[in-house]
Amino acid sequence: MEIRTLRADEIECRVQQVKNNGCSLLLYKDARCDMRILDEVFGILGWEREHQVIDGNLYCTIRVWDEQHNRWVSKQDVGTESMTEKEKGQASDSFKRACFNLGIGRELYSSPFIWIKLNPDEINSSNGKARLNFGVEFHVKEIEYSQSSREITRLVIVDKKGTVRFTMGKVVNIPNKD
C-alpha cells in the first residue's frame, strides 16, 4: 500500500521566528490528518495505535496490517511536551512522529526555507521582542512534488486574505497598504 503525499489543505504553517522585517515558517501536519490518511490507506480496522512510557518518555507505536505478508508492521517514535498541554502534546507528537516513520508527510522534510516579509502593521515589537499581531495567519495554497523523489517542487503560501506571500524560489513583495 502506498501512502500518498499531503495535499495543500492538509498542511499547516507554524511561525518559527519573527523579526522586525519578517518571519520564517515551518510546514507541519496534525494528528487528525495522520488518522485520516491511515484510515484511507489501511481502513479503519487496518491500523492501531499504542502509547507506552519508556524511561520516562512517552512513545507511540503504530501498527499497520500488511495484507501481502499477512502480518502487522510496527513503527515507533517518542514525543516531546507541548507548551500548552504536557501529556496530550507528548501523545500527539509521538503519534505524528511514528506516522512520519510510516511515510505520512515525510515530504515536508524537503520544504525550502520560507521567509515572509511583513508589513509594519503585522508586527508588534513591544518589550523589544518582535511578535506577530493577533490574526496574522498563513496557509499553503498550492504544493506539488516530484514523482520520483516526492520532494516539494512548487509551494505557494498565502495570508488569510488570499494574498500570495511566498512562492518557492522567490521572495514575494508585500502589497502596499496605500
Side-chain angles (χ1 to χ4, degrees), residues 1-18 22-51 58-80 82 89-118 137-174:
M1 297 262 181
E2 185 173 330
I3 294 173
R4 64 171 172 78
T5 53
L6 298 177
R7 299 184 313 255
D9 65 327
E10 295 173 316
I11 302 169
E12 298 186 35
C13 297
R14 177 178 295 149
V15 175
Q16 180 183 33
Q17 180 182 34
V18 179
C23 66
S24 61
L25 300 180
L26 297 174
L27 302 181
Y28 73 101
K29 60 182 174 65
D30 67 19
R32 288 176 294 280
C33 172
D34 290 325
M35 288 183 267
R36 280 191 305 272
I37 291 174
L38 286 167
D39 287 348
E40 176 185 305
V41 175
F42 301 101
I44 60 171
L45 300 177
W47 67 277
E48 57 187 30
R49 164 185 183 174
E50 176 186 357
H51 290 273
L58 187 62
Y59 283 78
C60 179
T61 303
I62 306 266
R63 290 180 198 82
V64 296
W65 184 251
D66 179 355
E67 295 237 356
Q68 182 180 357
H69 297 98
N70 200 31
R71 65 182 172 110
W72 288 97
V73 176
S74 301
K75 301 290 182 178
Q76 183 181 65
D77 214 325
V78 67
T80 58
S82 71
Q90 277 186 308
S92 178
D93 190 53
S94 63
F95 176 67
K96 291 184 293 185
R97 288 172 180 245
C99 287
F100 268 118
N101 289 337
L102 278 171
I104 300 174
R106 199 177 294 164
E107 60 275 10
L108 295 181
Y109 289 134
S110 70
S111 174
F113 177 72
I114 302 169
W115 181 257
I116 306 286
K117 287 186 177 181
L118 296 171
E137 300 172 5
F138 302 100
H139 306 278
V140 176
K141 180 180 181 185
E142 298 174 30
I143 192 162
E144 294 175 8
Y145 309 95
S146 70
Q147 286 188 350
S148 58
S149 64
R150 298 172 59 109
E151 291 185 356
I152 298 171
T153 57
R154 178 169 166 70
L155 177 65
V156 177
I157 308 272
V158 296
D159 60 23
K160 70 179 184 178
K161 295 177 184 174
T163 304
V164 174
R165 301 294 292 269
F166 175 87
T167 299
M168 188 166 164
K170 83 178 197 187
V171 175
V172 175
N173 290 323
I174 53 178

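This chain uses plain numbering: 1 for the first residue, then up along the sequence.
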Passes side chain to side chain contact (heavy atoms under 4.5 Å, CB included), Trp65 versus Asn70? Steps please. CA-CA 7 Å; Trp65 184 251; Asn70 200 31; 2.9 Å; yes

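- Distance check: Glu48 CD to Ser74 OG gives 7.5 Å after rounding to the nearest 0.5 Å.
- A distance of 6.5 Å separates CG in Leu102 from NZ in Lys75, rounded to the nearest 0.5 Å.
- What you find for Arg49 and Cys60 is that their closest heavy atoms are CG-SG, 3.8 Å.
- Within the 4.5 Å cutoff, side-chain heavy atoms of Leu6 are placed close to those of Ile37.
- Atom OG1 of Thr5 is separated from atom CD1 of Ile104 by 12.0 Å, given to the nearest 0.5 angstrom.
- For the pair Arg7 and Asp9, the salt-bridge criterion is met [side-chain N within less than 4.0 Å of a carboxylate O].
- Taking the six-membered ring for Trp, Phe138 and Phe166 have ring centres at least 6.0 Å apart.
- Side-chain contact between Trp47 and Met35: present, with at least one pair of heavy atoms (C-beta onward) separated by less than 4.5 Å.
- For the atom pair CD1 (Ile157) and CD1 (Ile114), the distance works out to 4.5 Å, reported to the nearest 0.5 Å.
- A distance of 8.5 Å separates CZ of Arg106 from CZ of Arg150, quoted to the nearest 0.5 Å.
- Side-chain contact check for Cys13 versus Leu27: some heavy-atom pair is nearer than 4.5 Å.
- Glu12 CD to Leu25 CG: the interatomic distance, rounded to the nearest 0.5 Å, is 12.5 Å.
- With a 6.0 Å radius and a threshold of 12 heavy atoms from other residues, nucleotides or ligands, Tyr28 has its OH atom above the threshold.
- Between Arg165 and Lys117, the closest heavy-atom pair is NH2-O, 2.7 Å.
- Annotation for Val164 and Val158: closest pair CA-CG1, 3.9 Å, computed over non-hydrogen atoms.
- Here the shortest heavy-atom pairing between Ser111 and Ile152 reads CA-CD1, 3.7 Å.
- Taking the side chain as every heavy atom from C-beta outward, Leu58 and Phe95 never approach each other to under 4.5 Å.
- When all heavy atoms are compared, the tightest approach of Val15 to Val18 is CG1-CG2, 3.5 Å.
- Across all their heavy atoms, Ala8 and Ile143 have their closest contact at N-CG2, 3.8 Å.
- Formation of a donor-acceptor pair under 3.5 Å by the Asn101 side chain with backbone atoms of Gln76 is found in this model.
- Side-chain contact between Lys96 and Ser92 is present, with heavy atoms from C-beta onward closer than 4.5 Å.
- For NZ of Lys29, the number of neighbouring non-hydrogen atoms (other residues, nucleotides, ligands) closer than 6.0 Å is greater than 12.
- Residues Glu50 and Arg63 are in side-chain contact: their nearest non-hydrogen atoms beyond the backbone lie under 4.5 Å apart.
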